[in-house]
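Residue numbers count from 1 along this sequence. Everything numeric in this text was worked out from a predicted model, so none of it was measured.
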Amino acid sequence: MTTDAGELSLTVDELAARAGVTVRTVRFYGSKGLLPPPVIGPRRVGRYGARHLARLALIEELQRQGMTLAAIERYLGQLPSDLSAYDLAIHRAVVASWAPDSVETLSRAELDRRAGRVLADEELARLAAAGVLLPGDAGDTEAADSEEDGFRVDTGLLRLGLELLDVPLSQGTILAAREVLMEHSRAAARELARLFRGEVAERDTRDVRDLSAHIHPLVVQALLTTFQRSLREELSELLSGEGPSGG
């Protein structure tokens with residue numbers, strides 16, 4: 001549920017459902033200090049917010065990378081305690097950039113469970129527009145298999161897609177935004193590959209792999225940081241009623 005101010009206010013059961021974990025897991029992470037304590041509300045019921053959800057998503061991503069619980073504790077211990085849900089999402093995006101593409105087939109019930117609610121057909125269409133639900137066989141134009149067969153889901157994008165469902169954007173806008181991001185990210189990747197090509201031309205295969213392993217996280221971090229700053233500036237101008245820079 002959300003408050004009148006639009007902030008998430010979840011019980012431990014609702015938080016666990018949205019994060020795709022068990023209540024026991026949430027409580028365990030809390031006992032280890034991986035999650036901040038909830039806000040105690042009326043009747044002494046703990047309430048969790050967007051930061052808790054984002055932190056669980058980051059923990060899940062670190063686990064997908066094969067990190068042990070002790071390593072995750074050290075990683076989270078190095079982060080500022082007051083990081084916002086947005087900042088935690090940026091950290092998760094950097095970590096997720098290391099992960100290979102992961103596609104799972106989920107039943108409708110499991111998809112609803114991870115969303116924390118029963119998804120309407122319109123919401124499924126929005127998830128498909130965002131590239132979260134994938135076509136079935138090669139050449140299939142449907143966004144997912146039938147409910148009986150389950151839905152092919154890009155699990156790396158699932159949490160982001162579910163969060164987008166709560167953003168008041170039309171399906172057409174989401175689809176257009178996805179196309180813009182794909183177009184410009186591919187263009188940036190091509191230009192960076194062209195720049196690096198001369199550096200690796202004279203190196204043997206092992207050296208090239210080592211160089212790629214070092215470059216990859218640096219490039220991802222640089223792109224995220226640059227895009228984050230640019231988007232903040234553009235949105236700031238939009239909210240202040242100013243035109244584009246230089247316009």
Side-chain angles (χ1 to χ4, degrees), residues 8 10-39 46-106 110-111 113-116 127 130-132 134 152-166 181 185 209-210 212-228 231:
L8 280 180
L10 308 172
T11 65
V12 66
D13 297 275
E14 292 169 336
L15 175 69
R18 286 210 184 191
V21 300
T22 64
V23 171
R24 183 178 179 181
T25 297
V26 173
R27 298 196 190 282
F28 174 73
Y29 289 156
S31 70
K32 288 289 186 179
L34 301 180
L35 284 178
V39 175
R47 289 287 176 176
Y48 299 82
R51 285 204 304 157
H52 294 93
L53 191 59
R55 204 169 178 89
L56 281 173
L58 177 56
I59 293 171
E60 178 187 40
E61 199 61 60
L62 293 170
Q63 287 179 323
R64 286 181 62 199
Q65 297 298 323
M67 290 182 67
T68 64
L69 183 62
I72 292 174
E73 286 186 66
R74 289 194 296 272
Y75 181 94
L76 295 179
Q78 296 172 358
L79 300 180
S81 59
D82 60 347
L83 280 183
S84 68
Y86 176 82
D87 292 325
L88 288 166
I90 294 295
H91 276 275
R92 179 178 176 268
V94 174
V95 173
S97 70
W98 284 94
D101 293 337
S102 178
V103 176
E104 296 180 27
T105 299
L106 303 180
E110 175 62 16
L111 199 54
R113 189 185 73 80
R114 296 197 187 186
L127 289 175
V132 179
L134 304 174
R152 295 185 67 244
V153 181
D154 185 334
T155 53
L157 290 176
L158 178 57
R159 196 175 304 279
L160 173 62
L162 291 173
E163 291 174 1
L164 276 175
L165 294 179
D166 297 324
L181 290 172
S185 61
R209 287 175 180 166
D210 289 341
S212 175
H214 283 88
I215 287 175
H216 186 241
L218 297 177
V219 169
V220 169
Q221 181 67 70
L223 286 172
L224 281 171
T225 302
T226 302
F227 181 75
Q228 180 184 5
L231 185 59

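- Rounding to the nearest 0.5 angstrom, the gap separating the NE2 atom in His52 from the CZ atom in Arg18 is 14.0 Å.
- Contact record, Leu88 with Arg51: CD1-O, 3.7 Å, taken as the closest heavy-atom pair.
- Arg55 places a side-chain N or O within 3.5 Å of a backbone atom of Leu34 that can act as its donor or acceptor partner.
- The CG atom of Leu62 lies 12.0 Å from the CZ atom of Arg74; values are rounded to the nearest 0.5 Å.
- Here the CG-OH distance, from Leu56 to Tyr48, works out to 9.5 Å after rounding to the nearest 0.5 Å.
- With sequence neighbours left out, the salt bridge (Lys or Arg N to Asp or Glu O under 4.0 Å) criterion links Glu104 to Arg114.
- Two residues are said to be in side-chain contact when any heavy atoms from C-beta on lie closer than 4.5 Å; Leu158 and Leu106 meet this criterion.
- Side-chain atoms of Leu76 and Ile59, non-hydrogen and from C-beta on, do get closer than 4.5 Å to each other.
- Between Asp154 and Gly131, the closest heavy-atom pair is CB-O, 4.1 Å.
- Summarising the geometry, atom CG belonging to Leu53 is positioned 12.0 Å from atom CG belonging to Leu58; distances are rounded to the nearest 0.5 Å.
- Of the listed residues (Leu162, Leu127, Leu111, Leu165), just one forms a side chain to side chain contact (heavy atoms under 4.5 Å, CB included) with Val132, and that residue is Leu127.
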| query | Passes side chain to side chain contact (heavy atoms under 4.5 Å, CB included), Glu14 versus Arg47? Steps please. | reply | CA-CA 10 Å; Glu14 292 169 336; Arg47 289 287 176 176; 3.9 Å; yes
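- Using a 4.5 Å heavy-atom cutoff, the side chains of Ile72 and Gln63 are in contact.
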